[in-house]
Amino acid sequence: MLNAIFRISSFLCLAAALVAGVLDMTRSIADKTLVMTPLETDWQHFSPDSLETVREALTQIHPWFWSPGFATLLSAPSWTVFALISFIFAMAVRGRRRRWQENFGA
């Protein structure tokens, strides 16, 4: 069950990474310069209330969680963050590689 949830999460994060990458590519072509939208900008555009809720929750736990920790993650391009999360989920459900001897019953 957890395998399926991780696979679906990996797929959805990969889809979000592709959408964010295509949007940045389209903006780059339109502006004739490289555009890499930070995660904070996309999150602010999509749901500003949830961003503020996360900010308050993390600063209540400890101010360090927000300032150098999460703020650094929010300054990264959206597509890289989602691609990294997708990769982590995919590695979590990755099966064990079989040695070639196991294929022959040895």
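Side-chain atoms are counted along with the backbone in the values below, which use heavy atoms only and exclude waters and symmetry mates. Note that this is a predicted model, so its numbers are computed, not measured.
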Results of side-chain contact (heavy atoms from CB on, under 4.5 Å) for Met91 - residues two or more places apart only: Phe87, Arg94

All pairs passing salt bridge (Lys or Arg N to Asp or Glu O under 4.0 Å) where residues 62-78 contributes a residue, at least two apart: none

Summary of side chain to side chain donor-acceptor pair (under 3.5 Å) pairs that have at least one residue in residues 73-82, sequence neighbours excluded: Asp42-Ser78

Verdict with supporting geometry, Leu74 and Leu51, side-chain contact (heavy atoms from CB on, under 4.5 Å): CA-CA 10 Å; Leu74 289 176; Leu51 178 61; 4.0 Å; yes

Joint cluster assignment, Leu23 & Leu84, ILVMFWY side-chain distance < 4.5 Å: no

Side-chain donor-acceptor pairs under 3.5 Å in residues 10-19, sequence neighbours left out?
unit_1: Ser10; atom_1: OG; unit_2: Ser86; atom_2: O; d: 3.0
unit_1: Ser10; atom_1: OG; unit_2: Ser86; atom_2: OG; d: 3.3

Pair listing, ring-ring contact (aromatic ring centres under 6.0 Å, His included) test, anchored in residues 19-61, at least two apart: none

Let me check something: any side-chain donor-acceptor pairs from residues 31-40 under 3.5 Å, sequence neighbours excluded? List them with distances.
unit_1: Thr37; atom_1: OG1; unit_2: Asp24; atom_2: OD1; d: 2.8
unit_1: Thr37; atom_1: OG1; unit_2: Arg27; atom_2: NH1; d: 3.0
unit_1: Glu40; atom_1: OE2; unit_2: Arg55; atom_2: NH2; d: 3.3

